[in-house]
Chemist: 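One structure is given below, represented as structure tokens, and several questions about it will come after.
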Amino acid sequence: MSHFTWEQLLEKFEAVEFPERHGKQDELPQVSSFVEACLEMGKFFNLLGRAFSFVQKDIFSKAKIVQDYGERLLPEKGSLQEIVEQELSNGACAVNEPPSCSRTVLRLLWATHFLYVLVQKLTLDETTPLRSCIREAYDVALKEHHSWAIQKTVHAALVFLPSREFFYRKIGVDIHKRDSYMKRGDKALGTIVERMYHFYEKNGLLQLP
């Protein structure tokens, strides 16, 4: 696995594209750019300790599923939305085996939402410990989708997280550029999360099993 830096993560999410089809921009991103961003995000979860290792594995496996859908169906301009819309019209969104593209993308959206909330928490108050920021992000974006046992495991493991300063050094964040990094993350992630959630909500897909 290649070395992770926050700069690389930002660049991947800033490069996520939203195809324009039929004179209108999609609300779901283009397949390949979204998959690349998710793979980089998976590396980030690896830095959060053993409690989040299952999330990293889930991201990698689901990114591969989405990539395979794109390569097999070859949607116009690499449109992820076209694939999900096809599943909507066929009543296949909730299919579990093999997993539909719709439910797979939703799970990647949960992880992206976690990252977005974490960036907001880190930016809001520099005095809040890293473990508190990560717990809040987990509770907002991921907790409801996990069993009670997993929730307890994650919460218990947060005590072992390092200080903000050590963590920033670990992900290659220059202390003098920290605010700039976080603002870039908030902008790039916010656009993706808001658009994708809007699409899933209006199409009644947020509660996919």
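The residues of the chain are indexed from 1 along the displayed sequence. Computed from a prediction, not measured in an experiment: that's the story for all the values here.
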Chemist: Does Glu71 reach the side chain of Asp68, with side-chain heavy atoms less than 4.5 Å apart?
Modeler: yes
Chemist: Could you tell me whether Lys77 atom NZ has more than 12 heavy atoms of other residues or ligands within 6.0 Å of it?
Modeler: yes
Chemist: Might you work through the salt bridge (charged side-chain N to carboxylate O under 4.0 Å, His left out) test for Arg135 and Asp139, ending with a clear yes or no?
Modeler: CA-CA 6 Å; Arg135 176 169 183 147; Asp139 288 352; 3.7 Å; yes
Chemist: Any salt bridge (Lys or Arg N to Asp or Glu O under 4.0 Å) involving residues 198-209? Give me the pairs, sequence neighbours left out, ordered by first then second residue.
Modeler: Glu27-Lys202
Chemist: Under 30°, 30 to 60°, or over 60°: which ring-plane class applies to Tyr197 and His113, parallel, tilted or perpendicular?
Modeler: perpendicular
Chemist: Would you mind reporting whether Val154 and Phe54 have side-chain heavy atoms less than 4.5 Å apart?
Modeler: yes
Chemist: So which atom in Ala137 and which in Val117 form the shortest heavy-atom distance, rounded to 0.1 Å?
Modeler: CA-CG1, 3.6 Å
Chemist: Please list all pairs meeting salt bridge (Lys or Arg N to Asp or Glu O under 4.0 Å) that have one or both residues in residues 98-124, counting only residues at least two apart or in different chains.
Modeler: Lys121-Glu136
Chemist: Indicate yes or no: at least one non-hydrogen side-chain atom of Val193 is less than 4.5 angstrom from one of Leu115.
Modeler: no
Chemist: Can you tell if the side chain of Ile171 reaches within under 4.5 Å of the side chain of Leu47, non-hydrogen atoms only?
Modeler: yes
Chemist: When rounded to the nearest 0.5 angstrom, what distance separates CD1 in Ile192 from CD in Glu14?
Modeler: 9.5 Å
Chemist: Is the shortest side-chain heavy-atom distance between Leu130 and Tyr168 below 4.5 Å?
Modeler: no
Chemist: Is the side chain of Glu82 donor-acceptor paired with the backbone N or O of Glu76 at a distance under 3.5 Å, no angle test?
Modeler: yes
Chemist: Find out if a path of hydrophobic residues (ILVMFWY) with successive side-chain heavy-atom gaps under 4.5 Å connects Leu109 to Val95.
Modeler: no
Chemist: Once rounded to the nearest 0.5 Å, what's the spacing between atom CG of Leu108 and atom CG of Leu39?
Modeler: 9.0 Å
Chemist: Could you tell me whether the side chain of Asp125 and the main chain of Thr127 form a donor-acceptor pair under 3.5 Å?
Modeler: yes
Chemist: Within the side chain of Gln67, is there an N or O that forms a donor-acceptor pair under 3.5 Å with the backbone of Val35?
Modeler: no
Chemist: If you group Ile, Leu, Val, Met, Phe, Trp and Tyr by side-chain heavy-atom gaps below 4.5 Å, do Val119 and Leu124 land in one group?
Modeler: no
Chemist: Establish, from distance only, whether the side-chain atoms of Thr128 and Glu126 form a donor-acceptor pair under 3.5 Å.
Modeler: no
Chemist: Between Arg184 and Glu11, is there a side-chain N and carboxylate O pair less than 4.0 Å apart?
Modeler: no
Chemist: Between OG of Ser132 and CZ of Arg164, what distance do you get to the nearest 0.5 Å?
Modeler: 9.0 Å
Chemist: Report yes if the side chains of Phe167 and Leu48 come closer than 4.5 Å at any heavy-atom pair, otherwise no.
Modeler: yes
Chemist: State yes or no: do Leu74 and Phe34 share one hydrophobic cluster built from I, L, V, M, F, W and Y residues joined by side-chain heavy-atom distances below 4.5 Å, directly or via other members?
Modeler: no
Chemist: Is there a side-chain contact (heavy atoms from CB on, under 4.5 Å) between Cys93 and Leu208? Walk through the geometry before answering.
Modeler: CA-CA 8 Å; Cys93 291; Leu208 282 175; 4.0 Å; yes
Chemist: Check whether Phe52 forms a cation-pi arrangement with Arg50 (NZ or CZ under 6.0 Å from the six-membered ring centre, at most 45° off the ring normal).
Modeler: no
Chemist: Let me confirm one number: the CZ-OG distance from Arg21 to Ser79, rounded to the nearest 0.5 Å.
Modeler: 3.5 Å
Chemist: Which of these passes side chain to side chain donor-acceptor pair (under 3.5 Å) with Gln25: Gln81, Arg195, Glu20, Glu17?
Modeler: Arg195
Chemist: Side-chain atoms of residues 140-150: list all donor-acceptor pairs with protein atoms under 3.5 Å, sequence neighbours left out, distances to 0.1 Å.
Modeler:
| unit_1 | atom_1 | unit_2 | atom_2 | d |
| --- | --- | --- | --- | --- |
| His145 | NE2 | Trp110 | NE1 | 3.4 |
| His146 | ND1 | Tyr138 | OH | 2.8 |
| Ser147 | OG | Ile150 | N | 3.3 |

Chemist: Please assess Glu87 against Tyr69 for the test side-chain contact (heavy atoms from CB on, under 4.5 Å), listing each intermediate value before the final yes or no.
Modeler: CA-CA 12 Å; Glu87 291 184 343; Tyr69 268 105; 3.9 Å; yes
Chemist: Determine the minimum heavy-atom distance between Ala37 and Leu9, stating which atoms define it.
Modeler: O-CD1, 4.4 Å
Chemist: Measuring from Ser102:OG to Glu85:CD, what's the distance to the nearest 0.5 Å?
Modeler: 10.0 Å
Chemist: Could you tell me whether Asp174 and Arg178 make a salt bridge, using a distance below 4.0 angstrom between a side-chain N and a carboxylate O?
Modeler: no
Chemist: Please examine the side chains of Phe4 and Asn46, heavy atoms only from C-beta on, and report whether any two atoms are closer than 4.5 Å.
Modeler: no
Chemist: Locate the shortest heavy-atom distance separating Leu122 from Cys133; write the atom from each residue and the value.
Modeler: CD2-SG, 3.9 Å
Chemist: Going by distance alone, is a donor N or O of one side chain under 3.5 Å from an acceptor N or O of the other, for Gln30 and Ser33?
Modeler: yes
Chemist: Measure the shortest side-chain to side-chain distance between Leu205 and Val84 over non-hydrogen atoms and say whether it is less than 4.5 angstrom.
Modeler: yes
Chemist: Check step by step if side-chain contact (heavy atoms from CB on, under 4.5 Å) holds for Val66 and Ile83.
Modeler: CA-CA 10 Å; Val66 174; Ile83 299 174; over 6 Å; no
Chemist: With rounding to the nearest 0.5 Å, note down the distance linking CG in Leu189 to CE in Met182.
Modeler: 11.0 Å
Chemist: What closest approach, in Å, do Pro29 and Pro19 show between heavy atoms, and which atom pair accounts for it?
Modeler: C-CD, 4.0 Å
Chemist: For Leu118 and Phe44, what are the C-alpha separation, side-chain angles and deciding distance, and is it a side-chain contact (heavy atoms from CB on, under 4.5 Å)?
Modeler: CA-CA 12 Å; Leu118 177 59; Phe44 175 79; 3.7 Å; yes
Chemist: Closest heavy-atom contact between Ala92 and Ser100?
Modeler: O-CB, 3.3 Å
